[in-house]
Amino acid sequence: RTPTLADYAQTYLGRLAQMRDAKRPHTVKRERNSLERLKRLMGDLRLRQITPAVIRDYQARRQGEGLAGRSVNIETQVLRNVLTSAVQDGFIPGLPAPWPDKLRETARKRRLLTHAELDRVCKACVTESPTTGQLVADFLRLMAYSGGRWGETLRLRWQDVDFDRRQIHFGADGLSKNGEARAVDFNASLESHLKDMVSRRRPDSVYVFPSPRS
């Protein structure tokens with residue numbers, strides 16, 4: 001018999017765990033979390049029972065629960081990934097067609113911190129947490145001055161910082177969001193901050209942001 005979504009999701013996730021190079025860990029975690037939510041509303045359905053109408057109903061219910069369009073689209077894409085795998089395994093003849101359109105995504109506008117606010121936050125980090133506060137403050141300033149993303153900034157190594165060419169290289173480890181590396185030219189704030197950080201560099205670590213525990 002055609003397995004239920006809940007049963008086949010376990011097969012799908014188990015396969016991802018074994019194919020370590022197939023997807024990045026954070027992607028696997030996101031798919032696992034999305035599948036938990038999908039199973040809550042349609043986990044008892046057999047794969048052949050998942051029709052375009054069922055998917056659209058799911059989208060409507062999730063939005064009715066207050067979920068943003070982008071988040072619903074991510075969950076719907078995870079469902080498509082699972083059903084594509086089921087097609088390849090021969091459990092269903094093809095994907096439900098026509099596949100529902102993506103929901104409209106509205107980006108939330110976030111106010112940027114002023115320089116004064118950033119300074120207050122970083123000073124509070126150092127004051128409130130003597131152990132890790134300086135590390136957090138350095139991390140926040142580096143992202144603010146370079147435009148780096150959270151994950152790629154956390155993975156920076158000192159070999160990615162080129163003081164001679166006055167550039168910092170993000171994604172040199174091949175794990176950037178789009179898989180491509182990019183160089184960011186120093187500005188005055190970034191250069192001054194990096195020079196201050198390198199003067200306090202831990203000699204036993206190649207990372208710009210090493211763990212407080214060696």
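Keep in mind that the numbers below use all heavy atoms, side chains included, and drop hydrogens, waters and symmetry copies.
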> Can you tell me how far the CZ atom of Arg48 sits from the OG1 atom of Thr4, to the nearest 0.5 Å?
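Going from the CZ atom of Arg48 to the OG1 atom of Thr4 covers 11.0 Å.
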> Using only atom types and a distance under 3.5 Å, with no angle test, would you say the side chain of Arg202 pairs donor to acceptor with the backbone of Tyr207?
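Pair absent, no side-chain N/O of Arg202 close to backbone of Tyr207.
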> Identify the heavy atoms of Pro3 and Asp7 that sit nearest to each other, and give their distance.
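The answer is CB-CB, 4.4 Å.
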> Would you check if the side chain of Arg46 reaches a backbone N or O of Thr2 as a donor-acceptor pair within less than 3.5 Å?
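Yes; judged by distance alone, with no hydrogens or angles, the pair exists.
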> Show the nearest heavy-atom pair for residues Val87 and Leu95, with the distance to one decimal.
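Smallest interatomic distance, heavy atoms only, reads CG2-N, 4.0 Å.
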> What's the separation between atom CG in Asp185 and atom CZ in Arg165, rounded to the nearest 0.5 Å?
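Between atom CG of Asp185 and atom CZ of Arg165 there are 11.5 Å.
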> Do you reckon Leu67 sits in the same ILVMFWY cluster as Tyr58, going by side-chain contacts under 4.5 Å, direct or chained?
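No; tracing contacts between hydrophobic side chains, which count when under 4.5 Å, never links both residues.
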> Please find the pair of heavy atoms, one from Thr153 and one from Phe209, that lie closest to each other, and give the distance.
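Here Thr153 and Phe209 meet closest at O-CD1, 3.5 Å.
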> Is a side-chain donor or acceptor of Thr84 paired with a backbone partner of Arg80 at a separation under 3.5 angstrom?
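Yes, Thr84 side chain to Arg80 backbone: donor-acceptor pair under 3.5 Å.
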> Main chain of Phe91, side chain of Asp89: is a donor-acceptor contact present, judged purely on distance under 3.5 Å?
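Side chain of Asp89 to backbone of Phe91, a donor-acceptor pair under 3.5 Å: no, none is there.
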> Please check if Tyr145 and Leu112 belong to a single hydrophobic cluster, counting links between Ile, Leu, Val, Met, Phe, Trp and Tyr side chain heavy atoms closer than 4.5 Å.
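No; tracing contacts between hydrophobic side chains, which count when under 4.5 Å, never links both residues.
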> With distance as the sole test, does Thr114 use its side chain to make a donor-acceptor pair with the main-chain N or O of Glu117 at under 3.5 Å?
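Yes: the side chain of Thr114 pairs with the backbone of Glu117.
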> Report the C-alpha separation of Arg32 and Glu36 in whole Å, then their side-chain angles, then the decisive distance to 0.1 Å, and conclude whether the salt bridge (charged side-chain N to carboxylate O under 4.0 Å, His left out) test is met.
CA-CA 6 Å; Arg32 181 180 293 110; Glu36 287 301 317; over 6 Å; no
> If you define the side chain from C-beta out and look only at heavy atoms, does anything of Phe163 sit under 4.5 Å from Lys195?
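Heavy-atom side-chain distance check passes, below 4.5 Å.
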> In sequence, state the C-alpha distance, the side-chain angles, and the governing distance for Glu65 and Arg37, and then conclude on salt bridge (charged side-chain N to carboxylate O under 4.0 Å, His left out).
CA-CA 12 Å; Glu65 294 174 350; Arg37 293 184 282 271; over 6 Å; no
> Let's go through Asp57 and Arg61 carefully: what are the C-alpha distance in whole Å and the side-chain angles of both, what is the deciding distance for salt bridge (charged side-chain N to carboxylate O under 4.0 Å, His left out) to 0.1 Å, and is it a yes or a no?
CA-CA 6 Å; Asp57 286 344; Arg61 287 189 62 178; over 6 Å; no
> Can Ser85 and Tyr8 be counted as having a side-chain donor-acceptor contact under 3.5 angstrom?
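Yes, a side-chain donor-acceptor pair sits under 3.5 Å.
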> Does Ile92 belong to the same Ile/Leu/Val/Met/Phe/Trp/Tyr cluster as Leu35, with side-chain heavy atoms less than 4.5 Å apart forming each link?
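Yes; Leu35 is reachable from Ile92 via cluster members.
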> Can you give me the closest heavy-atom contact between Pro52 and Pro100, atom names plus distance?
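Closest approach of Pro52 to Pro100, heavy atoms only: O-CG, 3.8 Å.
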> Could you walk me through whether Val161 and Leu156 satisfy the side-chain contact (heavy atoms from CB on, under 4.5 Å) test, starting with their C-alpha distance in whole Å, then the side-chain angles of each, then the deciding distance to 0.1 Å, before giving a yes or no?
CA-CA 8 Å; Val161 181; Leu156 281 173; 5.7 Å; no
> What distance do Glu191 atom CD and Asp196 atom CG have between them, rounded to the nearest 0.5 Å?
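So the gap between those two atoms works out to 12.5 Å.
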> Within this structure, what is the CZ-CD1 distance for the pair Arg30 and Ile74, rounded to the nearest 0.5 Å?
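The CZ atom of Arg30 sits 5.0 Å away from the CD1 atom of Ile74.
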> Rounded to the nearest 0.5 Å, how far does CG of Leu194 lie from CZ of Arg166?
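Here the interatomic distance stands at 10.5 Å.
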> Do Val208 and Val126 land in one hydrophobic cluster if side-chain heavy atoms of ILVMFWY residues count as linked below 4.5 Å?
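No, no single cluster joins them.
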> Using side-chain heavy atoms (C-beta onward) and a distance below 4.5 Å, is Ser34 in contact with Leu79?
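Result no, sub-4.5 Å side-chain heavy-atom pair not found.
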> Between Ser192 (side chain) and Ala188 (backbone), is there a donor-acceptor pair under 3.5 Å?
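No, Ser192 side chain to Ala188 backbone: no donor-acceptor pair under 3.5 Å.
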> Can you hop from Val78 to Val72 via hydrophobic side chains spaced under 4.5 Å?
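Not linked; separate clusters.
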> Applying side chain to side chain contact (heavy atoms under 4.5 Å, CB included), can you list everything that pairs with Ala183, at least two apart in sequence or on another chain?
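Ala183 satisfies side chain to side chain contact (heavy atoms under 4.5 Å, CB included) with Gln167, His169 only.
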> Write down the atom of Cys125, the atom of Leu140, and the distance for their closest heavy-atom approach.
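The answer is SG-CD1, 4.3 Å.
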> Look at the side chain of Asp160 and the backbone N and O of Arg157, then say whether any donor-acceptor pair between them is shorter than 3.5 Å.
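At least one qualifying donor-acceptor pair exists.
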> In Å and rounded to the nearest 0.5 Å, what is the CD1 to CD distance from Ile55 to Glu75?
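It is 13.0 Å, given to the nearest 0.5 Å.
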> Tell me the closest heavy-atom pair linking Phe186 and Ile168, and the distance in Å.
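In terms of heavy atoms, the two residues are closest at CE2-N, 3.8 Å.
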> Decide side-chain hydrogen bond (donor to acceptor under 3.5 Å, both in side chains) for Asn81 and Gln77; before the verdict, give the C-alpha distance in whole Å, the side-chain angles of both, and the deciding distance to 0.1 Å.
CA-CA 6 Å; Asn81 294 345; Gln77 180 58 50; 2.9 Å; yes
> Quick one: do Arg141 and Asp119 satisfy salt bridge (charged side-chain N to carboxylate O under 4.0 Å, His left out)? Show the steps, please.
CA-CA 9 Å; Arg141 288 189 187 279; Asp119 285 338; 2.9 Å; yes
